[in-house]
Amino acid sequence: TMWRVLKLALAKLGRPIPTYVMNPKSMPRQQLLGIMDNDTREWFDGVLTAASRKVVQEPPDIKSWIICDGDIDPEWIESLNSVLDDNRLLTMPNGERIQFGPNVNFIFETHSLKFASPATVSRMGMIFLDQESSDTKCIVNCWVRRQPEDKQMKLSSWIDDCFFKALDWVVKDNSAVVETTHAGIVNGALSHLVDVSTKAEFACAAVRGFGSNLPLEKRSELARLIYQWANEVPADHRQPLSGYYDQASGQQRLYTLDTSVPIDAKALGAGDSILVKTPMVQSNEHMLSPWISRLEPLILVGPEGAGKSMILNHIFSTLKSTQVAMVNCSAQTLSTHVINKLAQVCQRSTTQSGQVFRPNGAQRLVLYLKDINLPKPDRYETAELIAFLQQLVCYQGFYDKNLDFVGLQGIQIVASMNPSTTLGRYPLSTRFTANVRLGYVHYPDKESLSSIYSSILQSVLEYKCPGSKTWSGSTAAKKLAVCMVDVYENVKKKFSADDQRHYMFNPRDLTQWAIGLLRYELADMGPDMLNTWAFEGARLFRDRLVNARDCTRFDTILTGALRSHYDFALDEAETTLSLIHI
């Protein structure tokens, strides 16, 4: 922001500044500094050397800036030591030299000098900006001035009442799931306050904006405080997150289970994802929808099996003229993989401002990156993929292999990931997370799980046991779902990843348990249905246990659940379980 304001000020004084901006770590070193063909000895410029050729061709009275906005890496910045000292000379491997005049400035923008050598640091002037010195009120006031004039006075009053109190609470509590900056917290909260018209709606939106990156317990605590500061009443004092603002009635309403869309058992058996719109799912939709509708970059965070992809795909399916391109990230994913994906689904065209990528056959494109924190950082703690995405988000484009800057139009960056505390995941740079919206989803609670699998099992049992007095109907499905969830919750308590690394159970196991019942002709089984159900549960949970002691503990859990919910003794089922063990 500082150098952009300075550039605009100088332009108003009649001193335009040509700028060349790049993120050095968003591309391979050869693409940045150039490469020589070992066979032909032919030299090919990189992004930095090509920009250097352009600035030295400017008249002496025109100042130029080369801005390297990214992490400092000795492997590339040490090559510029002779440029930054009094010699101002760039020597390339082919022997060619580029002499810079006093009208060229190199500007390096970074968040850490951890890996910068004294040779680099001593050659430059330093400007340090800390989070405490950044005035978040300026960001808020600037945002208010961009809103409709008839709403500015109301928004300013509401913001004074509770916005900065909530900001101070979030900063002081420091329990964010994904680390970000103060500016990132403010921008995330403001993104939910667009188009609010009443104080009650403002309070509800502020809860979503400030709480989107907090764990559930902290989110509930903050929600109570915001409603108290705003002098508003939530839909339910005991569950302040379970309500939403209904614009039609102008009141707070409670979320209720939405069963308007029936579940297709055949689609479930074919592997299609099924979304049951519980109150928690609807709350997460309301958190994500404003960001997706305005094409803001976002990251959805949550533990494995929490339904991140399911929620996002459901929201994508409701968008008109939208194409989704998915990139499944791994430890080796690089920027070139994302560029190749964009080239497949976009058309490249030339405009007055240069080359641009536009969606091919749709008005908008969602670039969905799954498991964004899997790529392994280099020895200087920088992941090339994250640096590349940071450039896309901040500058809406990238440099291709021909060194042309290609802009993006109608393309939204959406990502999902597990928390960085999960094994094999890496923390993201705060310079990246500050420029994207962050949303956290958690596992459904016991009540939500019972609602979800009651709906799924009702569809399964009606499909496999049509007309059955015992198993067809919502009552039988609900009872079986409660028993399943009881087994699942007890298994999670008894067996954890601390015991064995693969003892990681999540709601996907319950879904597979329900799908497994589709393989049987349940209509002819009658009471033996519970034996079949026990067999499928043992196949999913018991087969993952490593010793006889753990298997016995699981048997106790399963038999205890059947005895308490159905008064059913597993005499025959015990034989089934022992066969599995053999």
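Remark: Q152 CD is packed, more than 12 non-hydrogen atoms of other residues, nucleotides or ligands lying under 6.0 Å away. Heavy-atom neighbours of K199 NZ from other residues, nucleotides or ligands within 6.0 Å: above the threshold of 12. For NZ of K479, the number of neighbouring non-hydrogen atoms (other residues, nucleotides, ligands) closer than 6.0 Å is greater than 12. For Q500, the CD atom is densely surrounded, since the number of other residues' heavy atoms within 6.0 Å is greater than 12.
T198 is not listed as a side-chain neighbour of K154, based on a closest heavy-atom distance of 4.5 Å or more. Side-chain contact between Q282 and M280: absent, with no pair of heavy atoms (C-beta onward) separated by less than 4.5 Å. Between L374 and T333 the shortest side-chain heavy-atom distance does not fall below 4.5 Å. Side-chain contact between I299 and L428 is present, with heavy atoms from C-beta onward closer than 4.5 Å. Under the 4.5 Å side-chain criterion, counting only non-hydrogen atoms from C-beta, S309 is in contact with K370. Using a 4.5 Å heavy-atom threshold, the side chains of R294 and V194 count as touching. Considering only heavy atoms from C-beta on, M484 comes within 4.5 Å of W513 through its side chain. Residues V301 and S416 form no side-chain contact, since every pair of their non-hydrogen atoms from C-beta on lies 4.5 Å or further apart.
Between the side chain of S455 and the main chain of S451, a donor-acceptor pair closer than 3.5 Å is present. Checked by atom type and distance alone, the side chain of E285 never pairs as donor or acceptor with a backbone atom of I311 at under 3.5 Å. Proximity of a side-chain donor or acceptor of N141 to a complementary backbone N or O of K137 within less than 3.5 Å is detected. Side-chain atoms of D509 come within 3.5 Å of backbone atoms of N506 as a donor-acceptor pair (strictly under, hydrogens ignored). Side-chain atoms of Y566 come within 3.5 Å of backbone atoms of L480 as a donor-acceptor pair (strictly under, hydrogens ignored). Under a 3.5 Å cut-off, the side chain of T322 and the backbone N or O of K320 do form a donor-acceptor pair. Panel note: side chain K218, backbone S175; no donor-acceptor pair is recorded below 3.5 Å. Formation of a donor-acceptor pair under 3.5 Å by the K308 side chain with backbone atoms of P303 is found in this model. A distance-only check finds no donor-acceptor pair linking the side chain of N231 to the backbone of Y227 [under 3.5 Å]. Without hydrogens or angle criteria, Y440 side chain to A176 main chain gives no donor-acceptor distance under 3.5 Å.
When all heavy atoms are compared, the tightest approach of Y245 to A200 is CE1-CB, 3.8 Å. L342 and L367 make their closest contact through CD2-CD2, 4.1 Å (heavy atoms, listed as atom of the first residue, atom of the second, distance). The two atoms that bring R208 and S283 nearest to each other are NE-O, 4.4 Å, heavy atoms only. Taking every heavy atom of both residues into account, L457 and A514 meet most closely at CD2-CB, 4.0 Å. When all heavy atoms of W291 and L438 are compared, the closest pair comes out as CH2-O, 3.5 Å.
Under the 4.0 Å criterion applied to side-chain N and carboxylate O atoms, D236 and R238 are assigned as salt-bridge partners. Ion pairing between a basic and an acidic side chain is recognised when a charged N comes within 4.0 Å of a carboxylate O; E489 and K492 show no such pairing. Classification of R425 and D371 as a salt-bridged pair holds, one side-chain N sitting under 4.0 Å from a carboxylate O. Using a 4.0 Å cut-off between charged nitrogen and carboxylate oxygen, R553 and D550 count as a salt-bridge pair.
A distance of 8.0 Å separates CD in Q251 from CG in D246, rounded to the nearest 0.5 Å. Rounding to the nearest 0.5 Å places CG of N435 at 8.5 Å from OG1 of T180.
Remark: the Q247 side chain and the E201 side chain contain an N/O donor-acceptor pair separated by less than 3.5 Å. Side-chain contact annotation: Y443 with S448, donor-acceptor N/O pair under 3.5 Å absent.
Remark: aromatic rings of F495 and F541 are distant, center separation not under 6.0 Å.
Note on ring orientation: taking the six-membered ring where Trp is involved, the planes of F202 and W158 are tilted (angle from 30° to 60°). Between Y255 and H286, the ring planes are tilted. Angles from 30° to 60° get that label.
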